[in-house]
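Each chain gets a letter, A, B and so on, in the order its sequence line appears, and its residues count up from 1.
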Amino acid sequence: MATLQPVRGTHDLLPDDARKHNHVVATARALGDAYGYGEIATPIFEQTEVFKRTLGDTSDVVTKEMYTFEDKGGDSITLRPEGTAAVARSYISGKMQDQLPLKFFYHGPMFRYERPQKGRQRQFHQIGIELFGVADPVGDVEVIALGAQILEKLGVQDWCTLELNTLGDTESRDAYRAALVAYFEGHRDRLSEDSKDRLHRNPLRILDSKDKGDRTIIEQAPRFDAYLTPAAQDFFARVQEGLTDLGIGYTRNERLVRGLDYYCHTAFEFTTDRLGSQSAVLAGGRYDGLIGTMGGPETAGVGWAAGIERLTMLAEQWPAQARPVTFIPLGEAADKALRKIAFELRGQGIAIDMGYSGNLKRRMARANKAGARLAVIVGDDELAQNQATLRDMDGGEQRTVPLAELAQYLKN
RNA sequence: GUGCCCUUAGCUCAGCCGGUUAGAGCGCCUGGUUGUGGUCCAGGAGGUCGCCGGUUCGAAUCCGGUAGGGCACCCCA
């Protein structure tokens with residue numbers, strides 16, 4: 001029988017990874033709380049329709065990347081490939097429209113059947129936020145600001161740049177799309193195969209093609225700004241102004257686009273050049289048409305998602321681990337006595353490391369490996385006098401303290 | 001889904017124009033220290049050379065397939 005392996009593109013979060021992972025989540029959650037974004041946890045699977053309707057039948061995510069299966073009741077179920085659709089579904093099924101504005105923070109695993117790469121797994125984890133019911137650009141600014149501060153708190157902001165663009169309103173976008181298709185049709189034969197395909201499916205996407213031949217054609221392509229309605233221009237100007245007021249730097253990237261119709265106005269990505277071709281670290285935008293598309297009441301929305309694995313790879317500073325106190329009993333009687341004290345102190349939240357076997361030498365080595373700040377040694381000698389030997393693991397000094405007073409020496 | 005690269009000890013890697021018992025560093029274990037870790041010294045354990053098949057007198061080494069990882073594309077966090 002072949003050795004058991006994890007499913008391709010999945011991996012275990014060992015304690016060390018999990019600690020980092022949790023730190024990212026905790027940092028995001030704390031800032032989310034500060035902004036009033038309450039945590040929401042939706043199921044990791046949904047009716048397939050939830051994602052089909054929102055992502056569109058033409059997107060790669062729907063056409064080839066979803067984990068879709070039929071459950072025993074015959075329903076088509078999909079492991080969520082992203083969080084926004086699920087949160088929107090919750091909003092709709094919970095009939096929350098008269099509680100607007102609503103602010104949500106979420107985190108959890110997402111699933112996409114893709115070819116794994118560095119910074120890209122089939123099961124990966126995201127943090128994300130959604131703001132429903134705010135049509136004003138202050139919403140866009142707030143959402144971006146929250147993202148920027150999370151990156152800052154994680155110490156990764158220096159490796160990230162905020163790229164910003166606008167997709168305008170429907171009127172702007174329709175006009176632009178028509179102009180773009182007309183232009184590219186004129187150069188159809190020189191377009192890459194991928195881009196020829198995109199011409200029908202997703203013409204805006206041609207703008208960020210990496211194909212060299214495409215790039216020269218794109219340079220001469222019509223510019224979005226020329227097709228923005230005054231209202232859309234004003235909206236974008238107010239987003240930029242809001243960011244500037246907060247001292248959040250950004251660069252305009254006119255090629256930053258989204259393919260789906262319900263996206264509008266602001267599109268942004270915090271990108272990095274440190275993760276190979278996986279440059280997007282935290283990305284989002286405004287999606288005023290999404291909830292309506294899903295069959296809910298027309299509701300403005302803006303939000304973003306960020307990959308926890310990618311953030312973890314970028315971050316270099318992690319909070320120091322709490323250093324435990326290692327209990328070292330010598331002999332059965334001492335073991336019994338210390339187990340009881342450990343039980344009480346652990347109950348008070350004091351981290352006690354205590355092994356299960358071994359002589360003093362072994363147990364000291366264990367204390368060292370555990371990063372203990374103190375070792376509490378109790379042998380027959382100490383036990384007879386109700387005392388413990390307290391060893392400072394850094395300096396090596398030892399002192400004798402009464403067992404009854406142990407707790408006060410171990411606090412802090 | 002397409003192209004290219006990689007896979008040897010728990011980890012990081014050397015060995016690879018085929019040829020006796022496959023190596024190093026780190027880690028692990030034991031001893032030097034009967035109740036004292038981290039440094040040092042000595043010793044030891046640990047490998048179906050990813051897997052399957054082929055070529056050959058002989059394969060870690062060459063060839064084919066397959067799985068996993070990586071890079072680029074696609075797409076995206």
Side-chain angles (χ1 to χ4, degrees), chain A residues 1-11 24 55 58-66 81-84 107-128 147 151 160 192-195 197-198 201-202 205 208-212 214 256-259 269-272 275-284 303-314 326 328-331 334 353 355 358-383 389-398:
Chain A
M1 185 172 151
T3 316
L4 250 26
Q5 282 186 339
V7 171
R8 184 171 201 192
T10 68
H11 67 280
V24 170
L55 296 170
T58 56
S59 80
D60 273 14
V61 172
V62 168
T63 53
K64 48 189 202 194
E65 294 178 1
M66 293 203 311
E82 55 104 21
T84 303
H107 72 93
M110 306 293 164
F111 306 85
R112 289 182 201 171
Y113 188 84
E114 294 183 282
R115 189 136 161 200
Q117 272 183 43
K118 186 196 190 108
R120 167 192 292 180
Q121 285 87 39
R122 288 183 173 182
Q123 176 178 338
F124 60 106
H125 299 79
Q126 289 187 328
I127 52 175
L151 297 180
C160 296
S192 68
E193 284 308 309
D194 282 331
S195 287
D197 188 40
R198 285 187 274 238
R201 269 176 45 207
N202 213 337
R205 278 249 100 107
D208 61 2
S209 169
K210 289 175 189 164
D211 183 86
K212 255 195 163 168
D214 287 353
L256 179 60
V257 294
R258 298 275 122 95
E269 281 182 12
F270 286 87
T271 60
T272 183
L275 295 178
S277 65
Q278 268 62 250
S279 60
V281 173
L282 185 155
W304 53 253
I308 296 177
E309 284 83 354
R310 291 185 186 178
L311 287 169
T312 300
M313 284 188 284
L314 274 184
T326 295
I328 301 180
L330 301 169
D353 168 67
N359 56 21
L360 180 55
K361 187 183 168 78
R362 262 189 87 82
R363 286 174 181 266
M364 283 299 292
R366 177 197 173 89
N368 195 57
K369 224 171 290 173
R373 50 187 232 264
L374 291 169
V376 173
I377 303 163
V378 177
D380 292 337
D381 304 348
E382 286 93 343
L383 200 57
T389 297
L390 210 58
R391 180 182 178 87
D392 182 295
M393 291 300 287
D394 296 323
E397 309 86 24
Q398 295 194 172

Distance check, [atom1] atoms only: [N] and [M], in whole angstrom units.
N: B:G50; M: B:U7; atom1: P; result: 8 Å
N: B:U61; M: B:C17; atom1: P; result: 11 Å
N: B:C11; M: B:G53; atom1: P; result: 25 Å
N: B:G10; M: B:C29; atom1: C1'; result: 13 Å
N: B:A24; M: B:U8; atom1: C1'; result: 13 Å
N: B:A9; M: B:G23; atom1: C1'; result: 10 Å
N: B:C16; M: B:G58; atom1: C1'; result: 16 Å
N: B:A14; M: B:C41; atom1: C1'; result: 26 Å

### Message
Between A:Arg122 and A:Thr10 (side chain of the first, backbone of the second, donor and acceptor by atom type, cut-off under 3.5 Å), is there such a pair?
### Response
no
### Query
Donor-acceptor pair, A:Arg391 side chain versus A:Ile377 backbone, under 3.5 Å?
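No; zero donor-acceptor contacts below 3.5 Å.
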Checking base pairs now: Watson-Crick or wobble, both atom distances under 3.5 Å. What partners [N]?
N: B:A45; result: none
N: B:C11; result: B:G25
N: B:G35; result: none
N: B:C62; result: B:G54
N: B:C4; result: B:G70

In whole Å, I'd like the distance from the [atom1] atom of [X] to the [atom2] atom of [N].
X: A:Asp214; N: B:C73; atom1: CG; atom2: P; value: 13 Å
X: A:Arg115; N: B:U2; atom1: CZ; atom2: C1'; value: 8 Å
X: A:Ile127; N: B:A77; atom1: CD1; atom2: P; value: 13 Å
X: A:Arg205; N: B:C74; atom1: CZ; atom2: C1'; value: 11 Å
X: A:Gln121; N: B:G68; atom1: CD; atom2: P; value: 14 Å
X: A:Arg122; N: B:C76; atom1: CZ; atom2: P; value: 17 Å
X: A:Tyr113; N: B:C76; atom1: OH; atom2: C1'; value: 17 Å
X: A:Gln123; N: B:G68; atom1: CD; atom2: P; value: 16 Å

N/O (side chain, [X]) to phosphate O (OP1/OP2, [N]) under 4.0 Å:
X: A:Arg198; N: B:C75; result: yes
X: A:Arg310; N: B:A77; result: no
X: A:Gln117; N: B:G69; result: no

Side chain to side chain, [X] and [Y], heavy atoms closer than 4.5 Å:
X: A:Ile127; Y: A:Leu311; value: yes
X: A:His125; Y: A:Pro109; value: yes
X: A:Thr84; Y: A:Trp304; value: no

### Task
Decide side-chain contact (heavy atoms from CB on, under 4.5 Å) for A:Val281 and A:Leu314; before the verdict, give the C-alpha distance in whole Å, the side-chain angles of both, and the deciding distance to 0.1 Å.
CA-CA 9 Å; A:Val281 173; A:Leu314 274 184; 3.7 Å; yes
### Message
Heavy-atom nearest nucleotide on RNA chain B for A:Val281 versus A:Ser209: which residue maps closer to 5'?
### Response
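First, find each residue's nearest nucleotide; the 5'-ward one identifies A:Ser209.
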### Task
Assign A:Gly331 to base, sugar-phosphate, or nothing according to its heavy-atom contacts below 4.0 angstrom with the strands shown.
nothing
### Task
Assign A:Glu114 to base, sugar-phosphate, or nothing according to its heavy-atom contacts below 4.0 angstrom with the strands shown.
base
#### Entry: Proximity to the side chain of A:Arg112 - top-ranked nucleotide from B:G1, B:G70, B:A77
B:A77
### Query
Could you write nucleotides 30-46 of chain B as a row of B, S and -, 5' to 3', where a protein heavy atom under 4.0 Å of any base atom gives B, of only sugar-phosphate atoms gives S, and otherwise -?
S----BBBB--------
### Query
Is there a donor and acceptor pair, one atom on the side chain of A:Arg120 and one on the base of B:C75, closer than 3.5 Å?
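In this structure, the two groups form a donor-acceptor pair.
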### Query
Does the B:A67 base have a donor-acceptor partner in the side chain of A:Arg8 within less than 3.5 Å?
no
### Query
Just checking, is any N or O donor in the side chain of A:Asp211 or A:Ser192 under 3.5 Å from an acceptor N or O on the other one?
no
### Query
Going through the checks in order, is the side-chain contact (heavy atoms from CB on, under 4.5 Å) test met by A:Phe124 and A:Arg310?
CA-CA 10 Å; A:Phe124 60 106; A:Arg310 291 185 186 178; over 6 Å; no
### Message
Set out, in order, the CA-CA distance, both residues' side-chain angles and the distance that settles side-chain contact (heavy atoms from CB on, under 4.5 Å) for A:Asp353 and A:Arg366, then state yes or no.
### Response
CA-CA 9 Å; A:Asp353 168 67; A:Arg366 177 197 173 89; 3.1 Å; yes
